[in-house]
Amino acid sequence: MLSASISTPPPLPRPRSPLPSPHSPHSAGPRRTRRTSPSPTASAPRSPQPAGPCSTARTAIPWNPPNVSRTLNSRFSIPASSINAMSMTPLEEIRHSCSHVLATAILRVFPDAKLDIGPPTESGFYYDIDLEHKLTQEDLARIEAEMKKVIEENQAFTRKEVSREEAVEIIKKVGQERYKLGRLDDIPQGEAISFYQNGEFIDLCAGTHVRYTKQIKAFKLLSIAGAYHRGDEHNKQLQRIYGTAFASKDELAQHLERMEQAKLRDHRKLGRDLKLFVIDEDVGQGLILWTPAGSIIRQELQTFILAELQKQGYSQVFTPHIGKLALYKTSGHFPYYKESQFTPLVDPDQLARIAGEGCSCADMTARLDAVSESFRQEINRRSGREVIPVERTKADESLLDGFLLKPMNCPHHIKIFASQPHSYRDLPIRLAEFGTVYRWEQSGELNGLTRVRGFTQDDAHLFCTEEQVGQEVLGCLSLVKIVLSTLGMSDYRVRVGLRDPDSNKYTGTKENWDKAEAACREAAKTLGVSFTEEPGEAAFYGPKIDFVVRDVIGREWQLGTVQVDYNLPIRFDLSYIGADNQQHRPVMIHRAPFGSMERFCGVLIEHFGGDFPVWLAPEQVRLVPISEKTLDYGRGLLDQFRASGVRATLDEHNDKLGAKIRRAEVDKVPYTLILGGKEAEAQAVSVRSRAKGDEGVLPFAAFHERLLGEVRNRSLPDKKKA
RNA sequence: GCCAACAUAGCUCAGCUGGUAGAGCAACGCUUUCGUAAAGCGUGGGUCGUCGGUUCAAUUCCGACUGUUGGCUCCA
């Protein structure tokens, strides 16, 4: 969901998997869009995974690079060239070796287990095994105990290079043909084939390893998960055991402690504790109900970005939550992406009519998907190629129309643009909307605020000339940068998706692409942060720039995105009149600095750990009278705060001061004002800030001014006291 | 969608091998009128996620469903 999804669909019906087959021995392995292992720290290093897994030669990377995000519209992988199995760090060697120890132990406990692969990951390691027996927590304990024995035996790791024939022999001898032979096939001809042996266990493996098992000083098995062989859901699902290992017991303990701490920042927990949002089973999975407190945060963010948009010459628009199916057939989104859309709505009359015709479910689907011959010809003519195949056409009278809960906002905005003729003098036209979109995410993928089925993008579509693309992309990036810097978010990475030079799947001319890519690259350079260029990761319609952040458990999420699009202007036949009095095709830019408000807020909650800056805090000030005697003084101050727009509350509970202060701290209110007789006397307040604790007494007016200043400046909270 | 685990009061959790439920916090009431992270006493609150099965008896055992969590797949 997110942000990203503002992009447009491909011009062609395309195969379900446009990616290189993970089975291809020369591919970089299954591409994935999410990390492979839980990582407790958001600050974990981002370097490309340098290590290769077991059971693979160094150029075949059948495991999943961790440095990838679950993003919506992009899949990216680590190029094989960036991965060198021979350059493992010492920690990776420990983890990689630990995964061999795990395999050794598994085979002792379950001799019939068939092994697949067991690489190190960013925060640990795993091994994928095929086993009839369903592993349980108790099995994990047994395996862990056996692993300790293997380590205690202090087995030496020895490397052996063999010929392909010998390799087959060894694999057969140890009865691991089921997956290992396939892994052997992945190793390109001419590459060295090596095995590593420790004790009785021998494994096809490029290395490297520690020298003795006793060098694994601290490890822990963490969890069991299902994982498809080679990451392909058509393959058998294997059992994956995750674990982690460190150079010392202390580091392991620290790591586990960090994982525990991270859980306290989890936006799902904080969202419940601070009453920011709820998800109700009766409303539906992945559908966010923003409570009053959470709505304040979202509203403040919107107000903030709205002011920035105004400065940059955007126009605000509103569009409905649904649109006709035909609209999305023109855009090309339907039916190619219908698995990730809510089922179309068909009006009652049509439903009654087709029911009368005895229309089956399959008929209905076919008639919803179909287009008329004239429509097909028109879109193909505009696109200059066969983007809608003849098989999709049906006679006009059998066509069925309906409405789609909109999965993206672009078609609506395009229709606003197209509603009038435009001169080149009008451009760029920038149409912005907090547009709510709906996507049918798989149930297993839903996650708090970060992966939902209905979300609001801070979306906008810019219509400009080709010459203006560079400047406009720059403007979009500056918006993203303003957002991130205002919120003190510096822990993100930037990805520039470029076209694959060897592929011809892209729309548009080479000249346009060169220009657009150069614009993206140049624009990214101005960010002052490092970015990765990822060839083959462009959308088919244009290059893009994505901002990716991590949540507390280390999962990456795409937030802001800027995408250049040559495709939709063609499909919708957009034009403007140039200085030469001829019609020209505008270029579109899709962009969303936050991405989705839901996902952004989820990440933001974790970023601040619930300690929001004053301007965002749902409750900015808590007034705490020491006793009932100063309640009236508190009520007076409350009125003054509210009159000036400050979100303040008065604690009228009949509790001791300490209890009221504790409550304010637990509620993470930035400022608590203690009101006793002395303060009332002097029209003053005793200030206690969340960040610094007791700050002493200030005249009310002085504090009020300071507070308003912090709100105005969108000041970030001070570092919390230890 | 797939694999696995989990689902007891608003929250955090207890409840051994079946005999219809408890604690702390929160809420509410009373007492207390308090100076920087938890005053005392009392009260209310649960059809143990839903539906079905086994049983004399199910929160407990079995199944399905729903939801959550961690992975996998997907992600316009």
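Sequence lines set the chain letters: A, B, ... in the order given, protein chains first and strands last, and positions in each chain run from 1.
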* Side chain proximity check, A/Leu404 to A/Pro344, heavy atoms < 4.5 angstrom -> yes
* Closest to the A/Asn447 side chain, choosing from B/A38, B/G70, B/U33 -> B/G70
* From B/A37, B/U69, B/U36, pick the nucleotide closest to the side chain of A/Arg268? -> B/U69
* Asked: Would A/Arg555 and A/Glu606 pass as an ion pair if we require N to O under 4.0 Å?
  -> no
* To do: Output yes when A/Lys134 and A/Asp139 qualify as a salt bridge under the 4.0 Å nitrogen-oxygen rule, no when they do not.
  => no
* Identify whether the distance between the nearest side-chain nitrogen and carboxylate oxygen of A/Glu619 and A/Lys275 falls below 4.0 Å. => no
Pairs: protein N or O with nucleotides 23-30 of chain B N or O, under 3.5 Å:
unit_1 : atom_1 : unit_2   : atom_2 : d
B/A27  : OP1    : A/His653 : NE2    : 3.3

List every contact pair, protein side and nucleotides 61-65 of chain B side both N or O, where the distance is under 3.5 Å.
none

* Asked: For the residue pair A/Ile553 and A/Arg268, what are the closest heavy atoms and their distance?
  -> CD1-NH2, 4.3 Å
* Structure fact -> When rounded to whole Å, the NZ to P distance for the pair A/Lys660 and B/U36 reads 13 Å
* **Side-chain donor/acceptor of A/Arg451 to base of B/C74, under 3.5 Å** => yes
* Asked: When we call it a touch if two heavy atoms are under 4.0 Å apart, what does A/Lys629 touch: a base, just sugar-phosphate, or nothing?
  -> sugar-phosphate
* Can you tell me which stems RNA chain B forms, taking runs of 3 or more consecutive Watson-Crick or G-U pairs with both distances under 3.5 Å? => B:1-7 with B:66-72, B:10-13 with B:22-25, B:27-31 with B:39-43, B:49-53 with B:61-65
* Asked: Which value, rounded to the nearest 0.5 Å, describes the distance between A/Glu122 atom CD and A/Thr244 atom OG1?
  -> 11.0 Å
* Asked: If you find the nucleotide of RNA chain B closest to A/Val687 and the one closest to A/Glu628, which residue's nucleotide is nearer the 5' end?
  -> A/Glu628
* Asked: Just checking A/Gly677: base, sugar-phosphate only, or nothing, at a heavy-atom cut-off of under 4.0 Å?
  -> base
* Please state how far atom CD in A/Glu281 lies from atom P in B/A7, giving the value in whole angstrom units. => 15 Å
* **Protein-nucleotide distance (A/Asp116, atom CG; B/G71, atom P), rounded to Å** => 20 Å
* Give one of base, sugar-phosphate or nothing for A/Glu679, where a contact means two heavy atoms less than 4.0 Å apart. => base
* Asked: Looking at A/Arg495 and A/Asp546, does any basic side-chain N land under 4.0 Å from a carboxylate oxygen?
  -> yes
* Between A/Thr365 and A/Lys338, do the side chains contain an N or O donor and an N or O acceptor separated by less than 3.5 Å? -> no
* Mind checking the C1' distance from B/G46 to B/A27? Whole angstroms is fine. -> 15 Å
* Passing option when A/Tyr438 is tested against A/His321, A/Lys406, A/Gln341 for side-chain hydrogen bond (donor to acceptor under 3.5 Å, both in side chains) -> A/His321
* Take atom C1' in B/U60 and the same atom in B/A39, then report the distance between them in whole Å. => 40 Å
Taking only N/O atoms, report every protein-nucleotides 9-14 of chain B pair under 3.5 Å with atom names and distance.
unit_1 : atom_1 : unit_2   : atom_2 : d
B/U12  : OP1    : A/Arg272 : NH2    : 3.0

* Given the P atoms of B/U69 and B/G44, what is the spacing between them in whole Å? -> 35 Å
* Structure fact -> Here the distance between atom C1' of B/C72 and atom CD1 of A/Ile241, to the nearest Å, is 15 Å
* Under 4.0 Å between any heavy atoms, over every strand shown, what does A/Gly676 touch: base, sugar-phosphate, or nothing? Just pick one. => base
* Asked: Side chains of A/Arg690 and A/Pro717: does their closest heavy-atom pair fall under 4.5 Å?
  -> no
* Asked: Going by an N to O cut-off under 4.0 Å, is there a salt bridge joining A/Asp266 and A/Lys263?
  -> no
* Please state how far atom NZ in A/Lys678 lies from atom P in B/C34, giving the value in whole angstrom units. => 12 Å
* Asked: Between B/A23 and B/G67, how far is it from one C1' atom to the other, in whole Å?
  -> 26 Å
* Distance between the C1' atoms of B/C13 and B/U17, in whole angstroms? -> 22 Å
* Asked: Just to confirm, is there a sub-4.0 Å distance from OP1 or OP2 of B/G70 to any side-chain nitrogen or oxygen of A/Arg555?
  -> yes
* Asked: So A/Phe110 and A/His133, would you call those rings parallel, tilted or perpendicular, with 30° and 60° as cut-offs?
  -> parallel
* In whole Å, what separates the P atom of B/A4 from that of B/G42? -> 49 Å
* Asked: Will you find, in the side chains of A/Asp116 and A/His229, an N or O donor that is under 3.5 Å from an N or O acceptor?
  -> yes
* Asked: Do other residues, nucleotides or ligands put more than 12 heavy atoms under 6.0 Å from the NZ atom of A/Lys668?
  -> yes
Side-chain donor-acceptor distances from residues 675-682 of chain A under 3.5 Å, at least two apart:
unit_1   : atom_1 : unit_2   : atom_2 : d
A/Glu679 : OE1    : A/Gly676 : N      : 2.9

* In whole angstrom, give me the gap between the P atoms of B/G1 and B/A64. => 15 Å
* B/G15 to B/U8 separation - P atoms, rounded to the nearest Å -> 14 Å
* Got a salt bridge between A/Asp667 and A/Arg663, using NZ or NE/NH1/NH2 to carboxylate O under 4.0 Å? -> no
Set out, line by line, the N/O atom pairs under 3.5 Å between protein and nucleotides 1-5 of chain B.
unit_1 : atom_1 : unit_2   : atom_2 : d
B/G1   : OP2    : A/Ser443 : OG     : 2.3
B/G1   : N9     : A/Gln442 : OE1    : 3.1
B/G1   : N7     : A/Gly444 : N      : 3.3
B/G1   : N2     : A/Tyr228 : OH     : 2.7
B/C2   : O4'    : A/Tyr228 : OH     : 3.4
B/C2   : O2'    : A/Gln237 : OE1    : 2.4
B/C2   : O2     : A/Gln237 : NE2    : 2.9
B/C3   : O4'    : A/Gln237 : OE1    : 2.4
B/C3   : O2     : A/Gly226 : N      : 3.3

* Asked: So is A/Arg95 actually on top of A/Phe125's ring, under 6.0 Å and inside 45° of the axis?
  -> no
* When you get a sec, tell me which of B/G71, B/G35, B/G70 is the closest nucleotide to the side chain of A/Ile626? => B/G35
* Report the distance from atom CD of A/Glu665 to atom P of B/A38, rounded to the nearest whole Å. => 11 Å
* Would you kindly give the CD-to-P distance between A/Glu122 and B/G71, to the nearest whole Å? => 13 Å
* Less than 4.5 Å apart, any side-chain heavy atom of A/Thr330 and any of A/Pro411? -> no
* **Rounded distance (Å) that lies between atom P of B/G70 and atom CZ of A/Arg240** => 16 Å
* Asked: Is the shortest heavy-atom distance from the side chain of A/His590 to the side chain of A/Lys544 under 4.5 Å?
  -> no
